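Quick caveat: nothing in here was measured; it's all calculated off a predicted structure.
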Amino acid sequence: MNKKDTANVENIYKLEGRVPVAKAVPFGLQHILAMFVANIAPIFIVAGACGLSSKQSAMLIQSAMIIAGIGTLIQLFPIWKVGSGLPIVMGISFTFVSVFCYLGPEYGYNSIVGAVLIGGIVEGVLGLFAKYWTRIITPIVAASVVTAIGFSLLSVGASSFGGGSGSKEFGSATNWILGVFTLLCCLLFNIFAKSYFKQLSVLFGLLAGYIAAVCMGVVDFSSLKGTAVIALPSILPFRPEFHANAIISVILIFLVSATETIGDTSALASSGLNRPATQKETAGSIACDGFVSACSTIFGCLPITSFSQNVGLVAMTKVVNRFTIATGAVIMILAGVFPIFGAVLATLPDAVLGGCTIMMFGTIVISGLQMIGNCGFTQRNITIAALSISIGIGFTQVPQIFAIFPKIVETVFAENCVAVVFLVAVILNLVLPKNMELTE
């Protein structure tokens with residue numbers, strides 16, 4: 001390897017700079033494999049709740065890959081004030097699933113599309129004017145939210161490790177073997193690989209785990225039958241319908257999504273670039289979250305948001321190069337245009353994914369704790385972090401505690417610890433005295 005190639009490869013640790021395509025693609029693919037199942041899972045759940053046909057579900061999955069790829073490219077390379085310029089990977093948001101499963105049977109899927117269109121525009125506008133309201137999100141508030149995001153994902157990683165929520169074989173010996181094998185492959189590759197190859201440990205673990213799953217006969221290839229090789233996405237397959245109750249509910253969840261995006265942006269800048277996110281980056285990130293979600297309705301699809309598992313991957317590998325992550329976005333778009341490619345990726349067993357992601361999610365927790373440490377352990381900071389995290393995580397583990405509140409409050413907060421942590425942290429930050437230290 002000559003000096004020029006070394007310089008190019010080392011650019012994977014820099015935000016700017018080109019990396020040879022052949023070397024960038026594996027890192028981009030690693031990001032896509034880490035989020036692929038989570039990107040299409042909300043589609044399956046919401047489509048099932050709304051009674052959509054298998055043909056309609058397949059169409060939405062195709063659209064989900066395309067809009068996620070477009071959203072990621074806009075985050076990487078902003079258009080006007082939309083996009084952060086940071087290596088943030090976008091995907092279909094899980095945050096909306098519970099409210100959509102309530103609204104869909106009540107008003108129909110078309111009402112979801114209409115509510116997402118309005119809600120996305122509202123969040124996008126809030127992003128453009130973020131400089132006027134993000135001042136309430138001080139470093140300790142952001143640090144508390146990042147820590148909460150990490151903790152909230154641990155159960156997601158554990159669920160995947162066991163075989164996926166709702167799986168008949170959940171917690172079986174087969175899933176344990178695949179999960180442990182994949183995790184060990186990731187760790188061993190990280191220990192023994194040299195140079196920048198170390199940062200491909202997740203990709204290696206996913207491939208090794210997938211091969212093991214094929215050998216064990218647990219990969220289901222039946223979904224590949226009848227899958228088109230190439231297909232263009234449908235435009236306006238669902239005409240938007242507008243119902244006040246649906247719109248208000250979805251706008252509230254978009255505010256929660258904005259909270260998570262703020263946390264993800266802060267975590268990525270802190271763990272990947274060793275600096276706090278700028279106001280411009282945060283505003284652009286939120287605007288992208290909203291406006292691209294609104295554009296998602298053109299394909300009849302659900303809202304997108306920043307993916308925390310990919311933030312964890314950046315924190316673990318320190319690969320932040322925008323061009324490198326962009327290759328992953330292109331792969332997502334190709335997976336949408338060539339459905340057969342996406343169908344193959346969808347056969348990745350949950351246990352294999354869980355073996356790789358469990359450590360990534362733990363990395364987000366550690367990043368949040370490091371951010372809290374950087375804020376300083378003053379009595380005020382300790383109070384904000386301790387109380388917001390304990391209420392947010394504690395109360396949402398016992399969702400029945402919200403039973404006395406209106407249904408909309410229960411829908412927004414009962415199962416979303418990030419929203420509760422954010423709300424409590426902001427209130428405490430506003431009401432607590434600036435100096436709480438003991439004085440003689």
Side-chain angles (χ1 to χ4, degrees), residues 12-16 27 31 34-35 72 75-76 78 83-90 127 130-131 134-154 157 199 202 257-289 305-322 324-325 357 359-378 380-382 384-386 388-389 392-393 417-419 421-422 425-426 429:
I12 63 173
Y13 304 110
K14 301 173 184 176
L15 197 59
E16 307 296 343
F27 292 100
H31 270 278
M35 59 79 73
T72 301
Q75 281 285 23
L76 292 167
S84 63
L86 297 176
I88 295 174
V89 176
M90 306 292 283
K131 67 179 180 180
T134 50
R135 294 168 187 170
I136 64 174
I137 306 170
T138 59
I140 190 61
V141 173
S144 300
V145 170
V146 170
T147 306
I149 289 173
F151 277 119
S152 69
L153 287 170
L154 295 181
Q199 314 315 333
V202 171
S257 179
T259 300
E260 294 176 340
T261 300
I262 291 168
D264 285 341
T265 307
S266 298
L268 193 142
S270 175
S271 60
L273 302 173
N274 298 314
R275 62 168 176 79
T278 66
Q279 193 176 74
K280 182 180 178 182
E281 289 168 343
T282 302
S285 192
I286 299 169
C288 179
D289 213 45
T305 191
S306 56
F307 258 40
S308 299
Q309 44 263 66
N310 295 86
V311 174
L313 186 56
V314 169
M316 199 166 88
T317 64
K318 305 301 181 185
V319 175
V320 296
N321 182 259
R322 294 196 298 169
T324 299
I325 309 302
T357 56
M359 185 170 176
M360 284 162 39
F361 296 160
T363 305
I364 298 177
V365 176
I366 300 304
S367 295
L369 295 176
Q370 287 176 330
M371 289 172 69
I372 291 174
N374 292 336
C375 293
F377 292 104
T378 63
R380 189 175 192 275
N381 286 347
I382 290 172
I384 292 172
S388 63
I389 291 172
I393 296 176
C417 75
V418 177
V421 169
F422 177 76
V426 167
N429 184 56

Work out which heavy atom in [X] is nearest to a heavy atom in [Y]; give both atom names and the distance.
X	Y	value
F151	V365	N-CG2, 3.6 Å
V320	K14	CG2-C, 3.7 Å
C417	S152	SG-CB, 3.5 Å
S306	D264	OG-OD2, 2.7 Å
A267	V146	CB-CG1, 3.5 Å
V421	A148	CG2-CB, 3.7 Å

Can a donor-acceptor pair be found, under 3.5 Å and without considering hydrogens, that links the side chain of [X] to the backbone of [Y]?
X	Y	result
T147	A143	yes
N310	M90	no
S270	S266	no
Q75	S84	yes
N321	Y13	no

For the residue pair [X] and [Y], establish whether any side-chain heavy-atom pair is separated by less than 4.5 Å.
X	Y	answer
I136	V141	no
T138	I384	no
H31	V314	yes

As an exercise, state the distance from [atom1] of [X] to [atom2] of [Y], rounded to the nearest 0.5 Å.
X	Y	atom1	atom2	result
I286	T305	CD1	OG1	10.0 Å
T261	L268	OG1	CG	12.0 Å
N381	I372	CG	CD1	9.0 Å
L313	S271	CG	OG	10.5 Å
S388	I140	OG	CD1	7.5 Å

Under the side chain to side chain contact (heavy atoms under 4.5 Å, CB included) criterion, do V145 and I262 qualify, and how do the steps go?
-> CA-CA 8 Å; V145 170; I262 291 168; over 6 Å; no
Run through T265, D289, I325, V311 and flag the one making a side chain to side chain contact (heavy atoms under 4.5 Å, CB included) with I88.
->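 In the set T265, D289, I325, V311, the residue that makes a side chain to side chain contact (heavy atoms under 4.5 Å, CB included) with I88 is T265.
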So does K131 have more than 12 non-hydrogen atoms from other groups sitting under 6.0 Å from NZ?
->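 Not more than 12 within 6.0 Å, no.
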Would R380 and N429 satisfy side chain to side chain contact (heavy atoms under 4.5 Å, CB included), going step by step from the backbone distance to the final call?
-> CA-CA 8 Å; R380 189 175 192 275; N429 184 56; 3.2 Å; yes
